Amino acid sequence: MSLDLKQEQKRVEHVMESIEKEINRLEEETTRRKNEVVHIRKHFWEEVKVNTDTFDDFLETIIGLRQEAQALSVSQSTHRHASKRLATLRRMKEIPYFGRIDFIEEGNSSHEKIYIGISSLSDSSGEDFLIHDWRAPVSSVYYDYQPGPASYQTPGGTVYGTLEKKYQYLIRGGILQSMFDTSLTIGDEILQQVLGKGTDKQMHNIVATIQQEQNRIIRHDQGRLLIVHGAAGSGKTSAALQRIAYLLYKYRESLHADQIILFSPNSMFSNYVSNVLPELGEENMQQVTFQEYLDHRLSRAFKIETPFEQLEYVLTQANSPFYKTRLASIRFKASTSFYEVIQAYRQSLESSGMIFKDISFKGKPIVTAQQIIARFYEYEPSLRFHNRLEKLQEWLLEQIQAFQKVARKQSWVQEEIELLSNEEYHKARVYLARKRGFNREEIADYEIEPKALARLIVHKRLKPLRKQIRQLQFIDLNGIYKQLFANPEIIRQLKEEYIPPDWPSICQQTVIKLSNNLLSYEDATPFLLLKELIVGFHTNSSIKQIVIDEAQDYSPLQFEFLKRLFPAARMTVLGDFNQAIFAHASEHVDFNSLTSLYGREKTEVINMTRSYRSTKPIIEFTRRLIPNGEKITPFERDGDKPILKQVVDHVELHRCITSKVTHLRSLGFSSIAIICKSAEESSQAYQTLSGIDDLKLIKSNSSEYGQGVVVIPTYLSKGIEFEAVIIYDASEHVYGDENLRRTFYTACTRAMRFLQLYSVGEPSPFLQTVLKR
C-alpha cells in the first residue's frame, strides 16, 4: 500500500471511530427519549390536576394540559430526529464518504481538504467537518468543475477559488479499497464498478457517481417548471430523487417530505424507487400514480378504465371495427384543444345546459330538477357562476326546511315514533332535554313533548338530503358531461375549429360507454376537469413540489389539470420522447407545448444525452432503432452485442428461451426479463414457459417485480432495468406497425448487460434496417 493510501486509511479509521462514538451516544439518547415518551403518555393525566370549579381552576387545568402536551411533543420530536440521524450514521458505517476536493478559497494561501459523503459529520469539538454533506453548497464544486478556477453559491453570496485536486474513494466497511484522481474524468472508474454490479429489485442512490449534467438537475432552483428530457438510462429518475433529497436539505426549515408528491408510472415503479431517499437520510415523499388519484375521485360514480387497459386495447384490438374511432377519440381528448372545449362548454352552462337531479324523499320529489333549473337561470346573469350555485344551495335548504314543517304531520312520523326502541327513545329524551337547557339531575324528570319528538324524527331523516345539497350532489355531473356527446352540435357551436373529422362517431361511442357507467381513460381527466370547473377546484396548496416521472405518458390536458390542482407547487417533469408509447402521443412528440404551461421565462429545459444503463454495444444497437438516435452518447462499458435469432414456430421459440434462461442463470444473471408486447402475449408466454423454475408473471396490479426471471409486458417495464432482457417475439407479425417503434425501443433499452431477441418468422422492419448497418 502506498504512503498516500496508508494515510488515507488512517483517516478512514479515525472517521469510523467518530461515527461509532456518535452512534453509541445516539443509541443512548433514543432509548432515553423513547422511555420519556412512554412515561409521559402513560402518566399524562396523573401529572395534570383537572379542576373546573372556578375560572382560575379551569385556566390552571388548561395551562397544565398544554405544558404536558408540549413536553410530549418535544420528546417525540427529539426522538424522531435522533432516530433519523442514527439510521444515517449506520449507513455511513458502510460508506463514510466517497469524494474529496482540495479547494483554495480566494484570499487564502493554503488549500482545504473537503471530504464528501451522504451526510455531514463533525469532530468531537464540533468545530471542524470530517465529512461534508453531498448537498452542501461547497460540494457542488466536486460535481461541476475540473481542476482550475471554481465557485459555489452560498446564502451569503458566491465563493470563488481554485480547485486543485479531486479524488474519488471506494470505501466498504471501513476499508479503503481504492482511490482515484478524477482530474481528467468525473468518476468513470467508480461509475464502471457501480454499473457493473447489476441490479436488484430496488433502485439505489449513486451520489458518488453524479455527473455534471445530473448535478444541474439536482441543484436547479429557478422558475416554476423544470423539464428534463433524457435518453433511456441517462439517470433521469435517479437525478430527480436526489433533487428531492437536495431540496429537503436546503429548505429543511420550510419544506417537508409530505409536501412533495412523486407521480409514478405504476405502483411497481413506486416500490422500485422507494429505497433511494431513505438511503440519502431523508424521509420518503408521497408517491401516487395518476390512476390512483382518478380512482380516488371518480370510482364511486364510474368503473374507470386504467391507462394499461387502454394501451392493451391499442396493442391488441387493431382489427376491431371501432379501432380508428377509438384512437381518434384518445388523441383528441388528450389535447389542449379539448381542454379549450371543456372550458368553453363550462362557460356556456352559465346561460343554458345545466342538468340537476330531483331532491326526493320517500320516492317523491320535494323539488324537481325542472324547478331547480328554472331557479338557477332566474338569478341575475351578472352574478358569478359559483355564487349562483351558493344561492341555489341556500334556496334548496329553505325548501327542505319548509318541507320539514309539513312532514311532521304525516302518518309515517307517528309510525316511526311508535317503532322507537327504549334505547332510541332515551337518547332522544336526553338530547331534547339538554337542548332545552336541563342539567344532568333535571333530565330524569323531563317529559318529551310529542311535537318536539316529531320535529326531531323529521330533522334526522332529512339530514342526508341536507348533506347532499351542501355537497352539491344535486348537480347531475354525469348527465352534463354526457350531454356534450349526446348532442354533437354543442361543440360545433362552441369551438367548431377544434372538431376532428370523426366527431359524430366519437360521440356515439362515448355515449354508449357513459350510459353503462363506464369511463374510458381518455375521458377520466376531462370529466374531472369539467366537474371541478362546475363545483370548484379541489386545489391542494400545501404541496410545494411535484415530480412527474415518465412524463411523456401524460397528455397536455392532464398537465393543465395538474397545474390547477397544485397551484402553489413547482413542477419537475422527466421523460423520453422516444418512449412515448401511449396512444395519445403524436408522431412527433416533444415537450414544447409544456413551455406554455407557466411561460418560457419560468421554464428550463435540460437535455441528457449520455446513457449509463446499458453496455456500449446495446446502446449502439438501440439508438439505431429511433430517429436522431445518433445524439445518444453511450458510456464506455464493454459487453456482448445484442443477438437476433429467427425461429420457425413457437415450439422452437419456447425451447430456445428456456435454454437461454438456464444459460444466463449459470453465468450469474440475477434479474432476467422476458418482455412481451402486451399483457395478452405475456399471459400466453407465461403459460407455455411454465417449465422455467420460479418464473413470475408481472401484471398491472403487481406491487414489485422482484428478482429472478419475469415475464412482463413492454409498458410495465418502463423505468425499470434488468441485467438481461429477452425480447419474446420481435417478428414483423408482432412489431410490424410503425406506430410500435417506440414501444419496441422501450423494451430493448431495459437491458443493462445482455439483450437477446427472438423472431418467429421474419423479423420486425425495425430490426431489418438496424442489422444491415
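These values consider heavy atoms only, across backbone and side chains, with no hydrogens, waters or symmetry-generated copies. Keep in mind the model is a prediction, meaning the values are calculated, not measured.
Across all non-hydrogen atoms, the minimal contact from Leu89 to Leu26 is CD1-CD1, 3.4 Å. Of all heavy-atom pairs spanning Arg750 and Ser717, the tightest one is CD-O, 3.1 Å.
Thr595 OG1 to Glu601 CD: the interatomic distance, rounded to the nearest 0.5 Å, is 10.0 Å. Distance check, rounded to the nearest 0.5 Å: CZ of Phe754 to OG of Ser614 gives 13.0 Å. One finds the CZ atom of Arg224 at 8.0 Å from the CE atom of Met571 (value rounded to the nearest 0.5 Å). Atom OH of Tyr142 is separated from atom CG of Asn215 by 11.0 Å, given to the nearest 0.5 angstrom.
Screening Glu22, Glu17, Glu20 against Lys93 for a salt bridge (charged side-chain N to carboxylate O under 4.0 Å, His left out) leaves a single residue, Glu20. A side chain to side chain donor-acceptor pair (under 3.5 Å) with His111 is found for one member of Lys165, Glu164, Glu105 and no other, namely Glu164.
A side-chain donor from one of Asp549 and Thr237 sits under 3.5 Å from a side-chain acceptor of the other. Between the side chains of Glu560 and Thr336, not a single donor N or O lies within less than 3.5 Å of an accepting N or O. A donor-acceptor pair shorter than 3.5 Å cannot be found between the side chains of Ser140 and Tyr145. Inspection of the Tyr745 and Gln579 side chains reveals no N or O donor paired with an N or O acceptor under 3.5 Å.
Proximity of the aromatic rings of Phe766 and Phe744 is defined here by a centroid distance below 6.0 angstrom, and this criterion is met.
Residues forming a side-chain hydrogen bond (donor to acceptor under 3.5 Å, both in side chains) with Lys250 (at least two apart in sequence, or on another chain): Asp221. For the side-chain hydrogen bond (donor to acceptor under 3.5 Å, both in side chains) test, no residue two or more places apart in sequence or in another chain qualifies with Glu28.
Residue-environment remark: CD (Gln222) stays at or below the threshold of 12 foreign heavy atoms within 6.0 Å.
Annotation: cation-pi geometry satisfied between Arg753 and Phe669 (NZ/CZ under 6.0 angstrom from ring centroid, within 45° of ring axis). Remark: Arg11 is positioned above the aromatic ring of Tyr115, its terminal NZ or CZ atom under 6.0 angstrom from the ring centre and at most 45 degrees off the axis.
Note on ring orientation: taking the six-membered ring where Trp is involved, the planes of Phe290 and Phe561 are perpendicular (angle over 60°, cut-offs 30° and 60°). Using the six-membered ring where Trp is involved, Phe559 and Tyr554 have ring planes that are tilted, between 30° and 60° apart.
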Q.
Applying side chain to side chain contact (heavy atoms under 4.5 Å, CB included) to Glu550 and Leu574, what does each step give before you reach the verdict?
A. CA-CA 6 Å; Glu550 302 292 344; Leu574 317 136; over 6 Å; no

(Q) Applying side chain to side chain contact (heavy atoms under 4.5 Å, CB included) to Tyr97 and Val12, what does each step give before you reach the verdict? (A) CA-CA 9 Å; Tyr97 51 89; Val12 170; 3.2 Å; yes

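Under 4.0 Å is where a charged nitrogen must lie from a carboxylate oxygen, and between Arg90 and Glu27 at least one such pair does.
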